[in-house]
Amino acid sequence: MSSKDIAQILLNIEAVTLKPAAPFTWASGLKSPIYCDNRLIMSYPKERQIIEETLAELIRTEFPDVEVVAGTTTAGIPHAAYVSWLLDLPMIYVRSSSKGHGKQNAIEGELKPGQKVVVIEDLISTGGSVLDAAEKLEEAGAQVIGCAAIFSYLLPQSKEAFAKAGHPLVTLTNYQELVEVALEDDELKDHQETLESWYKDPVAWSKKHQ
């Protein structure tokens, strides 16, 4: 499955929605012509199978030494579960913060010191959540060899964050690929400049559309 094929699937099931004429407001306050909700993938068995098999193959190719698959809470957990099953590997998941009771774990599942881990996230915006998970795993003795996600907005902050952390990132598709596919729709062709200008400078675009 190509990145454009995956982008088309996300558009078809409306896991990704484009509204350049009526921008979304993200939790950060940023205005955007795009909103991604990959949780919807779970509700479409056929599309889900394609996405998970493609993600598993990507990880197998890019990180052949992986020993454990880790999911971020909560969005990365179902994808990590599917992929770990397809790869026949152990799965763990990483909480955003330690539990306040019991063993007070930040990492759920068995993790042995030195094991090579790939962290799975559903979506990359700034990269903060997956890199936080990677940091917790390394503090626990794991060797994080890479991160994988279904979709990336390709925001400059995320590129800088992954470069600084030194963790390779692979994704099934991204904003540029998705826009190329979406512009085949006649209704969106008139908004090509808007969609491209957001990618070049999301902050400036957001201020302009307040």
Chi angles and distances behind the side-chain contact (heavy atoms from CB on, under 4.5 Å) call for Val117, Gln143 = CA-CA 6 Å; Val117 180; Gln143 182 182 347; over 6 Å; no

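- Here the rule is side chain to side chain donor-acceptor pair (under 3.5 Å) with Tyr82, and of Glu52, Gln49, Arg48 only Arg48 fits it.
- Of the inter-residue distances, the one linking Thr194 atom OG1 with Leu188 atom CG reads 10.5 Å to the nearest 0.5 angstrom.
- Ile6 places none of its side-chain heavy atoms less than 4.5 Å from the side chain of Leu178.
- Inter-residue side-chain proximity for Trp198 and Lys200 is flagged as unmet; no heavy-atom pair is nearer than 4.5 Å.
- When atom types are taken as modelled, the side chain of Glu177 and the backbone of Asn174 share no donor-acceptor pair closer than 3.5 angstrom.
- To the nearest 0.5 Å, the span separating CD on Glu57 from CD on Glu62 amounts to 10.0 Å.
- Rounded to the nearest 0.5 angstrom, Ile145 CD1 and Phe63 CZ are separated by 6.5 Å.
- Atom OG1 in Thr73 sits 8.5 Å away from atom CD in Glu121 (nearest 0.5 Å).
- Among residues two or more places apart in sequence or in another chain, the side chain to side chain contact (heavy atoms under 4.5 Å, CB included) test is passed with Thr17 by Glu14, Lys19, Phe24.
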Which is it for Gln176 and Glu180 under the side-chain hydrogen bond (donor to acceptor under 3.5 Å, both in side chains) test, yes or no, and what are the steps along the way?
-> CA-CA 6 Å; Gln176 285 181 308; Glu180 282 188 34; over 6 Å; no

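- Atom OH of Tyr175 is separated from atom OG of Ser32 by 6.5 Å, given to the nearest 0.5 angstrom.
- Aromatic ring centres of Tyr35 and Trp26: separated by at least 6.0 Å.
- Side-chain contact between Ile59 and Val69 is absent, with no heavy atoms from C-beta onward closer than 4.5 Å.
- Residue Arg60 places its CZ atom among more than 12 non-hydrogen atoms of other residues, nucleotides or ligands, all under 6.0 Å distant.
- Taking all atoms of both residues into account, the shortest heavy-atom contact from Val203 to Leu30 is CA-CD1, 4.1 Å.
- Partner of Ile92 under the side chain to side chain contact (heavy atoms under 4.5 Å, CB included) criterion, out of Val119, Ile77, Val68: Val68 alone.
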side-chain contact (heavy atoms from CB on, under 4.5 Å) between Val181 and Thr173, worked out = CA-CA 11 Å; Val181 173; Thr173 191; over 6 Å; no

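- Counting heavy atoms from C-beta outward, Phe162 and Val130 have side chains that approach closer than 4.5 Å.
- The distance from atom CG of Leu123 to atom OG of Ser152, rounded to the nearest 0.5 Å, is 7.5 Å.
- Under a cut-off of 6.0 angstrom, the local environment of CD in Glu139 is crowded, with over 12 non-hydrogen atoms contributed by other residues, nucleotides or ligands.
- Both Ile150 and Val179 are part of a single hydrophobic cluster, where members link through side-chain heavy atoms under 4.5 Å apart.
- In the hydrophobic clustering of ILVMFWY residues, with side-chain heavy atoms under 4.5 Å counting as a link, Leu55 and Leu40 come out apart.
- Using a 4.5 Å cut-off on side-chain heavy atoms (C-beta onward), Pro33 and Trp205 make contact.
- A salt bridge links Asp132 and Lys136; the closest N-O separation between the charged side-chain nitrogens and carboxylate oxygens is under 4.0 Å.
- Distance alone, capped at 3.5 Å, places no donor-acceptor pair between the Glu47 side chain and the Ile9 backbone.
- Across all non-hydrogen atoms, the minimal contact from Gly114 to Glu67 is O-OE1, 4.1 Å.
- Between Ser206 and Gln210, the side chains place a donor N or O and an acceptor N or O closer than 3.5 Å (distance only, hydrogens not considered).
- The shortest heavy-atom contact between His79 and Ile120 is CB-CG2, 3.9 Å.
- Residues Leu11 and Val16 share a closest heavy-atom pair of CD2-O, 3.8 Å.
- Nearest heavy atoms, Ala80 versus Ala70: CB-C, 4.0 Å.
- Using a 4.5 Å cut-off between side-chain heavy atoms of Ile, Leu, Val, Met, Phe, Trp and Tyr, with links allowed through other members, Leu111 and Leu131 fall into the same hydrophobic cluster.
- Side-chain heavy atoms closer than 4.5 Å link hydrophobic residues (I, L, V, M, F, W, Y) into clusters, and following such links, possibly through other members, connects Tyr199 to Leu172.
- At least one donor-acceptor pair closer than 3.5 Å links the side chain of Thr54 to the backbone N or O of Ile50.
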Criterion side-chain contact (heavy atoms from CB on, under 4.5 Å) on Thr171 and Phe151, from CA distance to verdict = CA-CA 6 Å; Thr171 64; Phe151 181 80; over 6 Å; no

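- One hydrophobic cluster holds both Leu58 and Met1 under the rule that ILVMFWY side chains link at heavy-atom gaps under 4.5 Å.
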Would you check, one step at a time, whether the test side-chain contact (heavy atoms from CB on, under 4.5 Å) holds for Tyr153 with Ile34?
-> CA-CA 9 Å; Tyr153 288 117; Ile34 183 172; 3.7 Å; yes

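- Of all non-hydrogen atoms in Ala81 and Ser84, the two that sit nearest each other are O-OG, 3.0 Å.
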